[in-house]
Amino acid sequence: MAAGVKIEKLSFSYTTDKQVLKEVSLEINPGEKLGIIGRSGAGKSTLLLHLNGILNGSGHISIDGIKVEKRSLYQVRKKVGLVFQNPDDQLFNPTVEEDVAFGPLNFGLSCEETKKRVRDALRAMNLEGMEKSVSHHLSLGERKRVALATVLAMQPEVIAFDEPFSSLDPEMVVQLIDIIQKLDATLIVVSQSLLPMLACCSRLAVIRDGVIVADGTTREIVTNRELMKSSGMDLSFYRELFRDYF
Amino acid sequence: MAAGVKIEKLSFSYTTDKQVLKEVSLEINPGEKLGIIGRSGAGKSTLLLHLNGILNGSGHISIDGIKVEKRSLYQVRKKVGLVFQNPDDQLFNPTVEEDVAFGPLNFGLSCEETKKRVRDALRAMNLEGMEKSVSHHLSLGERKRVALATVLAMQPEVIAFDEPFSSLDPEMVVQLIDIIQKLDATLIVVSQSLLPMLACCSRLAVIRDGVIVADGTTREIVTNRELMKSSGMDLSFYRELFRDYF
Amino acid sequence: MHISDGIIDINVCIAAGAVSIGLVYLSGRNTSVEEIPRMGMMGAALFVASLIHFPLAGTSMHLGLFGIAGIILGKRSFPPVFAALLFQSLIFQHGGLVTLGVNSINMGAGAFAAWLIWKSAFMNENIRALLAGFLGIIIPVLLMAVEFRLSGYGRGIVYLFSVYLLAAGIESIITLGAVRFIRKVKPGLLT
Amino acid sequence: MKHSFLDKYSNLDSPVHRLDPRVKTVTALILIIIIVSETRGALFPFLFYIPVVAVLVAVSRIPWSYILKRCLIVAPFILLTALFYPISNMLASDYRPQGQYNHDYMVGLSIFLKAYSALILLILLTSSAKFHNLLLGLRKLKMPKLIGIISALMYRYVFLIHDEILKTNMARDSRTTGKLKMSRLKVFGNQSAMVFIRSFERSQTLYNSMLSRGFNGEFPSMSKLSVKGKELLLPGVLIFLMLVIRLANQNIQNYLFN
Ligand SMILES: Nc1ncnc2c1ncn2[C@@H]1O[C@H](COP(=O)(O)OP(=O)(O)OP(=O)(O)O)[C@@H](O)[C@H]1O
Ligand SMILES: Nc1ncnc2c1ncn2[C@@H]1O[C@H](COP(=O)(O)OP(=O)(O)OP(=O)(O)O)[C@@H](O)[C@H]1O
Ligand SMILES: [Mg+2]
Ligand SMILES: [Mg+2]
């Protein structure tokens with residue numbers, strides 16, 4: 001199952017002196033896999049935090065036709081899973097297992113079903129055997145994977161990944177790309193790791209200083225050198241390296 | 001100035017049931033730029049935390065001939081700068097400026113000199129204008145850059161970077177590579193972003209489950225497909241992507 | 001400042017227990033979802049502060065932070081104070097189970113008084129912060145004196161409490177520092 | 001605060017440990033009330049109470065050394081307040097007959113005994129169950145819902161603060177390259193204030209993360225508590241015994257001394 005997402009004229013500022021999002025509008029079809037790229041500080045995380053009502057800017061957001069507002073939050077959150085950029089913002093239970101089980105249990109799944117989901121999610125993230133580990137005694141990459149597992153276990157209709165590939169080793173990145181490709185959900189991925197994004201997303205949006213400056217198919221965007229360069233995404237340096245080594 | 005680093009038979013475990021580092025030995029010449037790669041959870045961060053005595057395993061470490069032990073800590077920390085993997089582990093002052101100034105001031109540098117260092121470090125990290133910002137109200141990429149600035153401002157003889165490229169946009173990565181290449185210090189870089197590592201490091205060591213399994217020039221290691229694959233660093237997937245898009 | 005079980009009269013304890021449950025409901029009415037983490041965090045902060053001991057006037061004292069609790073949480077400070085004392089009682093036996101009500105009324109009153117001073121906008125903020133910190137300790141101590149008298153202790157008990165004047169002084173300076181810091185870094189926290 | 005300290009002996013197996021946390025809490029509370037409400041100055045009843053408490057400790061298999069060590073933390077305060085009963089009366093300038101002073105010492109002693117017995121019972125309660133099970137039990141006992149949520153969050157936040165303290169210590173130390181050249185007060189003051197504020201902010205983000213995973217005030221748990229009838233036997237007998245002692249010793253005492 002997948003749900004559509006519609007963002008209309010979303011504006012937001014943390015402090016009075018700087019507007020972080022400026023009338024952002026985006027429409028994402030059910031099942032679509034959208035990547036959002038942009039410089040550090042452009043407002044990507046801020047945008048994602050609006051999707052399940054953690055931040056409240058002006059403008060409208062709707063998920064599957066349901067407007068994101070105070071009284072629809074529980075419903076919206078059941079549909080939208082959000083993986084935070086920093087896993088330490090996401091993990092709060094004493095053990096890995098409890099953390100992953102938290103979402104499914106809250107949404108009323110049975111113990112049996114929850115256990116199965118936990119097992120599956122941990123297996124998908126190569127975390128078998130860590131069920132009883134204390135979440136904040138893990139390496140950053142391990143915590144990132146637990147954070148991903150907590151959301152995967154909820155099987156939401158819309159998943160927003162904030163920087164999912166950072167701190168993962170290349171092998172795990174490939175594995176995650178595979179999982180993402182197979183997910184039957186609407187996907188919004190924010191990442192500075194462009195290569196994995198190319199493999200996951202069919203569409204890319206570019207955000208600059210809180211404004212969406214481009215939006216198109218992945219190929220369109222990536223091959224637009226001018227655009228990529230002016231948004232801090234120039235890959236020519238990597239190309240040289242790659243040529244050199246492979 | 002640069003100093004040599006010598007690690008001999010370093011072993012460490014957080015808990016009694018699992019040894020994280022197993023008799024790790026490494027010798028790094030003054031001015032050398034060494035990269036350490038390995039799967040998530042292999043023990044990379046744990047190793048770096050030993051370099052300036054935050055963790056104390058069994059075995060010997062010496063920096064520039066000075067043994068790292070309780071009574072030499074001040075001296076050692078003057079020589080070794082450590083950029084933590086998670087910027088939240090690094091920043092503890094209210095504002096960006098104060099955080100960057102903390103190290104130099106403690107060195108006993110004059111106010112003038114400190115101000116200059118802070119200005120330079122912030123400029124190098126594209127953080128001009130953020131001097132008075134509250135560190136933990138920044139985006140993760142911005143915090144990462146502040147963390148880098150705090151260490152660059154100290155101009156240490158040995159710098160240990162833990163995952164310096166994560167959350168940085170490609171433009172900033174290139175800029176950081178440039179800074180790193182120009183640094184007159186011994187360098188130890190840990191990162192899952194292999195491409196920038198290729199540009200920074202002349203030598204790579206591979207760590208697997210707490211054991212150094214390979215150590216050689218960057219080209220030797222990276223072109224050893226077998227080794228890369230078995231350490232979770234297979235890049236063939238990226239190669240395909242690259243071929244496809246560029 | 002934590003009264004253990006068995007020290008004061010059981011009737012006082014039971015009455016205070018009932019009143020404190022009432023106060024929890026009263027002060028927690030219409031709590032919104034956004035207020036909950038703050039209350040939990042304040043409770044945790046109170047608990048942690050009580051673990052930090054420093055030597056003073058021959059005995060060992062610890063921070064109260066009731067003034068700060070009042071400033072940050074206002075009328076919502078009672079439930080966290082209650083919860084923090086429950087933790088202290090269960091984990092370190094700092095204060096008893098039967099005296100939980102008495103203790104939380106004492107310290108909750110400190111936080112409440114601090115809040116009253118804080119929100120009365122008629123003085124300089126720094127002075128209000130100093131006073132809030134001071135009242136946060138001194139009010140509980142006064143109440144404690146009353147309860148001890150009710151339990152048959154002699155009037156000489158007041159001498160013991162003079163020690164706390166010093167603690168209240170230290171506390172008020174810390175409160176001032178905290179308020180000025182919060183004003184700079186995260187003004188939204190101050191009510 | 002480490003888990004290991006908190007739950008050090010909670011994994012032993014004994015009749016006391018096996019009790020449901022709710023039953024255990026209520027029983028402890030009743031026993032404490034019985035002891036604490038004993039007449040002031042009465043020392044005789046403690047000839048019965050103390051053995052009962054001692055037997056309970058023995059049954060629980062928790063080492064005495066551990067219980068006494070934990071007693072030590074608050075012991076000075078209890079001792080002080082007990083001593084202060086007679087002293088506070090002496091310090092007051094009112095005239096009191098000599099006999100009154102002797103009685104004051106008896107009261108002081110009885111306060112001491114009461115407080116200590118209650119203290120040991122409390123220690124027994126908290127060290128024979130996992131702390132979070134105890135909280136769970138309290139929640140199930142209809143403790144006010146708000147307190148339930150707050151304490152469940154607190155349990156996590158205490159570790160969070162601990163974590164922040166460790167982190168900032170690490171951050172400070174890694175760049176402390178000699179004796180602090182700035183005012184120590186400023187550095188440590190800044191640091192503690194930052195710990196405080198960062199903990200607040202992280203608690204907020206973590207709470208958001210909880211909300212985004214469907215939290216609505218109840219902490220879900222996969223382990224269910226249930227009380228079987230026969231589990232009530234031991235506590236029932238215990239409470240009955242204590243009540244009998246409490247009521248009877250009055251008579252015995254009257255009989256013996258009058
Ligand atoms: N504080 C801790 N307590 C207990 N175990 C820990 C702690 N920190 C790390 N570990 C364990 O030690 C091992 C090595 O951790 P380390 O952080 O060094 O990994 P890493 O190589 O840096 O991984 P990553 O690439 O994910 O950052 C991991 O298995 C981790 O679970
Ligand atoms: N809590 C906050 N208070 C004030 N300003 C903030 C806060 N969080 C972020 N900002 C500011 O808002 C802007 C956008 O931040 P955001 O976290 O959305 O960036 P981002 O695009 O996710 O960047 P990154 O790639 O570094 O994660 C930044 O300039 C940042 O400084
Ligand atoms: Mg971000
Ligand atoms: Mg690491």
Side-chain angles (χ1 to χ4, degrees), chain C residues 2-7 9-11 13-14 21 24-25 28 31 33-34 36-45 47-48 51 59-60 68 72 79-80 82-84 86-87 89-98 148 151-160 177-178 181-182 185-186 189, chain D residues 1 6 28-29 32-33 35-37 40 70-71 73-74 76-78 80-82 84-85 87-92 94 107 111 113-119 122-123 125-126 131 134 144 146-147 149-151 153-154 157-158 160-162 189-190 193 196-197 199-201 203-204 206-207 211:
Chain C
H2 301 69
I3 306 173
S4 300
D5 283 337
I7 308 277
D9 193 79
I10 182 78
N11 296 318
C13 293
I14 289 177
I21 295 291
V24 166
Y25 280 111
T31 324
V33 186
E34 287 82 32
I36 305 270
R38 250 182 206 208
M39 291 162 82
M41 195 64 213
M42 197 66 234
F47 174 76
V48 171
L51 297 180
T59 62
S60 145
I68 294 177
I72 289 180
F82 185 93
L86 175 67
F87 268 51
S89 157
L90 290 181
I91 295 176
F92 294 104
Q93 289 75 46
H94 244 108
L97 213 49
V98 180
F148 271 76
S151 311
Y153 276 72
R155 271 187 301 183
I157 197 74
V158 289
Y159 292 99
L160 183 62
F181 192 90
I182 298 175
V185 172
K186 193 175 166 59
L189 214 50
Chain D
M1 191 178 77
L6 201 57
L29 192 63
I32 292 176
I33 290 180
I35 293 178
V36 163
S37 64
R40 291 217 143 199
R70 287 188 61 171
C71 281
I73 304 178
V74 267
F77 297 97
I78 291 183
L80 208 69
T81 25
F84 228 78
Y85 189 85
I87 296 176
S88 68
N89 281 318
M90 271 193 282
L91 284 176
D94 324 339
V107 174
I111 286 179
L113 289 174
K114 276 183 190 181
Y116 242 87
S117 320
L119 179 62
L122 191 54
I123 293 174
L125 167 70
T126 56
F131 182 65
L134 217 52
L146 186 58
I147 298 294
I149 304 181
I150 291 181
S151 47
L153 288 177
M154 267 178 72
Y157 292 166
V158 167
L160 189 157
I161 296 179
H162 182 73
N190 262 353
F196 185 71
I197 295 204
S199 305
F200 258 90
E201 299 208 326
S203 73
Q204 190 74 48
L206 284 175
Y207 191 68
L211 290 177

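Within every chain, numbering begins at 1; the chains are lettered A, B, ... in the order of the sequence lines, protein sequences first and strands thereafter. Below, each value reflects all heavy atoms present in this structure, side chains not excepted, and no hydrogens, waters or symmetry copies.
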Checklist outcome for this item: Note: vs chain C, highest number of non-hydrogen pairs under 4.5 angstrom among D:Ala82, D:Ser151, D:Ser117 is D:Ser151

Checklist entry - Where does D:Phe196 contact chain C at under 4.5 Å (heavy atoms): side chain, backbone, both or neither? => result side chain

Checklist outcome for this item: OG1 (D:Thr81) and OH (C:Tyr153) are apart, to the nearest 0.5 Å, by 5.5 Å

Checklist entry - At what distance, to the nearest 0.5 angstrom, does OG of D:Ser199 lie from CE of C:Met42? => result 11.0 Å

Next on the checklist: Does any part of the side chain of C:Phe181, heavy atoms only, come nearer than 4.5 Å to the side chain of D:Asn190, both counted from C-beta?
Outcome noted: yes

Next on the checklist: With chain C as the partner, which of D:Ile149, D:Leu119, D:Ile123, D:Leu125 has the greatest number of non-hydrogen pairs under 4.5 Å?
Outcome noted: D:Ile123

Checklist outcome for this item: With chain C, the option among D:Ile78, D:Ile111, D:Leu206, D:Leu113 that has the most non-hydrogen atom pairs under 4.5 Å is D:Ile111

Checklist entry - Which answer fits C:Leu189, side chain, backbone, both or neither, if we ask what part of it has an atom under 4.5 Å from a heavy atom of chain D? => result side chain

Item to check | Per-residue contact mode, D:Leu122 against chain C (heavy atom under 4.5 angstrom) | outcome: both

Checklist entry - Does D:Arg70 use its side chain to pair, donor to acceptor, with the backbone of C:Gln93 at less than 3.5 Å? => result no

Checklist entry - Which distance, rounded to the nearest 0.5 Å, do you find between the CD1 of D:Ile32 and the CG of C:Asp5? => result 5.0 Å

Checklist entry - Heavy-atom distance under 4.5 Å to chain C: side chain of D:Leu146, backbone, both or neither? => result side chain

Checklist entry - Within a strict 4.5 Å, meaning less than it, do heavy atoms of the C:Met41 and D:Ile161 side chains meet? => result yes

Item to check | Largest heavy-atom contact set with chain D, pairs under 4.5 Å, which of C:Gly43, C:Gly96, C:Gly95 | outcome: C:Gly43

Checklist entry - Side chain, backbone, both or neither: which part of C:Ile182 has an atom under 4.5 Å from a heavy atom of chain D? => result both

Checklist entry - Does any heavy atom of chain C fall under 4.5 Å from the side chain of D:Leu211, the backbone, both, or neither of them? => result side chain

Checklist entry - Can you name the closest pair of heavy atoms from D:Tyr157 and C:Ala44 and give their distance? => result CB-CB, 3.6 Å

Item to check | Region of C:Ala45 that comes under 4.5 Å of a non-hydrogen atom in chain D | outcome: both

Checklist entry - Who among C:Leu86, C:Val33, C:Thr31 has the most heavy-atom pairs with chain D under 4.5 Å? => result C:Val33

Next on the checklist: Has D:Thr126 got a side-chain atom pairing as donor or acceptor with C:Ile91's backbone, closer than 3.5 angstrom?
Outcome noted: no

Checklist outcome for this item: Scored by heavy-atom pairs under 4.5 Å with chain C, the best of D:Gln204, D:Arg40, D:Lys114 is D:Arg40

Checklist entry - Which atom pair, heavy atoms only, marks the closest approach of C:Phe87 to D:Phe131? => result CE2-CE2, 3.7 Å

Next on the checklist: Among C:Ala178, C:Pro80, C:Gly177, C:Pro79, which residue has the highest count of heavy-atom pairs closer than 4.5 Å to chain D?
Outcome noted: C:Pro79

Next on the checklist: Using 0.5 Å steps for rounding, measure from the CE atom of C:Met39 to the CD1 atom of D:Ile147.
Outcome noted: 7.5 Å

Checklist entry - Are the side chains of C:Val98 and D:Leu29 in touch, meaning some heavy atoms are under 4.5 Å apart? => result yes

Checklist outcome for this item: If one checks every heavy atom of D:Ile35 against chain C at 4.5 Å, the contacting part turns out to be neither

Checklist outcome for this item: Minimal heavy-atom distance between D:Tyr207 and C:Ile36, with the atoms involved, is OH-CB, 3.5 Å

Checklist entry - What part of D:Leu153 is in contact with chain C, defined as an atom under 4.5 angstrom from a non-hydrogen atom: side chain, backbone, both or neither? => result side chain

Checklist entry - Do you know which of C:Cys13, C:Gly40, C:Pro37 has the most heavy-atom pairs under 4.5 Å to chain D? => result C:Pro37

Item to check | Exercise: identify the closest heavy-atom pair between D:Met154 and C:Ala83 | outcome: SD-CB, 3.6 Å

Checklist outcome for this item: For D:Val74 and C:Phe92 the tightest heavy-atom approach is CG1-O, 4.2 Å

